[in-house]
K.L.:
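Encoded as structure tokens, here's the structure I'll be asking about.
In what follows, every chain begins at residue 1, and chains take the letters A, B, ... in the order their sequences are listed. The analysis underlying the following values was restricted to heavy atoms, covering all of them including side chains, and did not include hydrogens, waters or symmetry mates.
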Amino acid sequence: MLLNPINCTHWRIVGASTIGSSHRATGLPCQDSNWSMACRTADGRPVLFAFAADGAGTASQGGAGAEMAMEATAEFLYTSPDGIPDEGAEALLVECAGYVADRIRGGATAAGLAPRDFACTWLGVLATETVATVVQIGDGGVVLDMGRGLEMPVKPMNGEYANQTYFITDDDALERVQTANLPGRAERVAVFTDGIQRIAVDLATNLPHEPFFRGFFDVLSRAVVSDEDRLHDALLGFLGGQAVEQRTDDDKTLVLAALGVPDMISCQTGDERWSCAS
Amino acid sequence: MTMTTTTTIDQIPFDAAGFADNPEPRCPCLLLLDVSKSMDGAPIDELNAGLVSLRDELQADQLALKRVEIGIVTFGPPKTELPFESATVFTPPKLAAEGDTPMGAAILHGLEMVRQRKDEYRANGISYYRPWVFLITDGTPTTSDAWQAAADAVRTGEDSKAFAFFAIGVSEADMEKLKEVSVREPLRLDGLKFRDLFKWLSASLKTVSSSTPGTEVKLTAPTGWATVCS
């Protein structure tokens with residue numbers, strides 16, 4: 001797939017990862033990472049990518065693993081020769097999961113370490129005008145509005161215990177990876193890691209907590225591309241703010257996208273957002 | 001070409017309108033306490049004092065207070081002294097020595113309590129940490145006791161990671177028997193240092209109850225109150 005550098009999509013996106021107070025207290029770095037982009041394919045179809053990864057607390061290189069996962073995801077989706085199928089990208093994203101896992105294994109070998117030292121969750125969404133495909137291994141969530149209200153098609157993948165989950169570096173990761181195809185155009189999208197899960201999802205029912213998302217999507221759907229830098233700062237302010245910090249002490253990532261105001265200025269440049277753990 | 005109105009947003013009210021109010025994940029800890037006649041006097045007094053220090057230590061940690069749950073089974077006759085309840089309301093009972101040492105029956109009774117508690121968590125959408133079961137005894141199981149069935153249940157549960165089972169022997173406890181019951185190496189309490197034991201337990205529960213996904217908790221060595229029996 002060759003991506004068209006001209007960005008004329010109507011999706012506005014903003015994403016950020018911030019360190020949690022428990023990591024700060026123990027001298028750990030932020031081990032979350034994210035990558036998102038709205039652009040057009042070579043044949044002119046708008047496409048949205050939004051991904052996140054959460055490095056495992058037990059893994060000495062969990063943060064590096066999360067960054068590698070995001071780099072490999074971008075790399076794979078840029079260069080995949082088969083393009084993005086209009087009927088859904090489940091097979092493509094499972095293939096992408098395999099590519100990401102291989103890249104991390106390669107990185108681990110090069111560093112003289114084991115893949116589990118780079119353990120991280122991996123989740124995200126690929127959306128076109130006609131279908132959105134979610135892929136996930138581990139906890140965190142992808143919430144979408146396909147025009148009928150918020151839904152979370154894949155449940156956060158937790159083990160039996162609160163401190164257990166699954167990682168893309170697990171031997172059986174490709175058997176465990178889950179995907180979901182949602183026909184239609186994704187009007188709103190949120191991708192988040194475990195640190196946000198507790199405050200954004202009603203865990204007894206696994207339903208998105210609508211008030212959490214409402215304010216973000218309202219603003220984002222009214223935004224133009226030139227707002228995105230300030231929205232990024234505002235998102236960082238929110239994630240690092242007191243209201244969030246007193247509810248969750250873990251690293252947190254939130255990537256948001258919404259159909260926004262048609263904005264021809266944004267056609268001048270590509271619109272890629274990188275934000276890595278650092 | 002008409003210009004689109006670029007109404008840039010000056011003051012961005014970028015914020016959540018509300019947060020999901022999920023229950024805290026729970027960290028259940030079951031104490032299986034030997035209160036048989038041989039514990040009479042100083043041992044039972046120190047055990048009671050230890051439970052008070054457990055409460056005091058937990059009270060000092062806001063997160064542990066919200067997440068840790070304590071349940072107590074005593075034997076003497078095996079009975080639920082305290083069903084699982086939040087550390088916020090944990091009131092140490094005043095235990096009195098009575099009866100013999102039906103250790104196995106008490107273990108089976110306690111493990112059933114743990115199993116039921118997990119069912120309750122699941123039914124209410126509450127996430128939880130791996131339960132801890134702490135057996136503290138100064139004796140030898142009563143002859144007719146179901147300790148072999150209990151040993152099997154402990155082994156099965158440890159193998160499937162259903163719980164973590166720790167055994168602590170006090171004074172004349174039969175450490176060989178404890179080794180047969182517990183997969184983990186039993187510890188012998190130094191003298192009657194129950195308070196140090198419960199302080200360590202509280203600190204360990206704090207560590208576990210603040211851990212996040214992907215965190216395998218490494219416990220600090222039980223220094224100051226125990227010896228590993230080889």
K.L.:
Against chain B, label A/Arg214 side chain, backbone, both or neither, depending on which of its atoms sit under 4.5 Å from a heavy atom there.
P.N.:
side chain
K.L.:
With a 4.5 angstrom heavy-atom cut-off, is it the side chain or the backbone of B/Gln62 that approaches chain A, or both, or neither?
P.N.:
neither
K.L.:
Checking A/Asp202 against chain B: side chain, backbone, both or neither under 4.5 Å from a heavy atom?
P.N.:
both
K.L.:
With a 3.5 Å distance limit and no angle check, can you tell me whether B/Ser160 reaches the backbone of B/Thr156 through a side-chain donor-acceptor pair?
P.N.:
yes
K.L.:
Look at B/Pro23, B/Gly125, B/Ala20 and state which one has the largest set of heavy-atom pairs under 4.5 Å with chain A.
P.N.:
B/Ala20
K.L.:
Measuring heavy-atom distances to chain B, does A/Ala200 have an atom under 4.5 Å in its side chain, in its backbone, in both, or in neither?
P.N.:
backbone
K.L.:
Do the charged groups of B/Arg115 and B/Glu112 touch, with an N to O distance under 4.0 Å?
P.N.:
yes
K.L.:
Check this for me, if you would: do A/Asp233 and A/Arg230 make a salt bridge, where the nitrogen-to-carboxylate-oxygen distance has to be below 4.0 angstrom?
P.N.:
no
K.L.:
Please determine whether a side-chain nitrogen of the Lys or Arg among A/Glu160 and B/Lys118 lies less than 4.0 Å from a carboxylate oxygen of the Asp or Glu.
P.N.:
yes
K.L.:
Decide if the gap between the ring center of B/Phe166 and the ring center of B/Phe134 is smaller than 6.0 angstrom.
P.N.:
yes
K.L.:
Can you tell me which portion of B/Arg26 sits under 4.5 Å from chain A's heavy atoms? Options are side chain, backbone, both or neither.
P.N.:
neither
K.L.:
Please state whether the side chain, the backbone, both or neither of A/Glu210 comes within less than 4.5 Å of a heavy atom of chain B.
P.N.:
neither
K.L.:
So is A/Arg176 actually on top of A/Tyr166's ring, under 6.0 Å and inside 45° of the axis?
P.N.:
yes
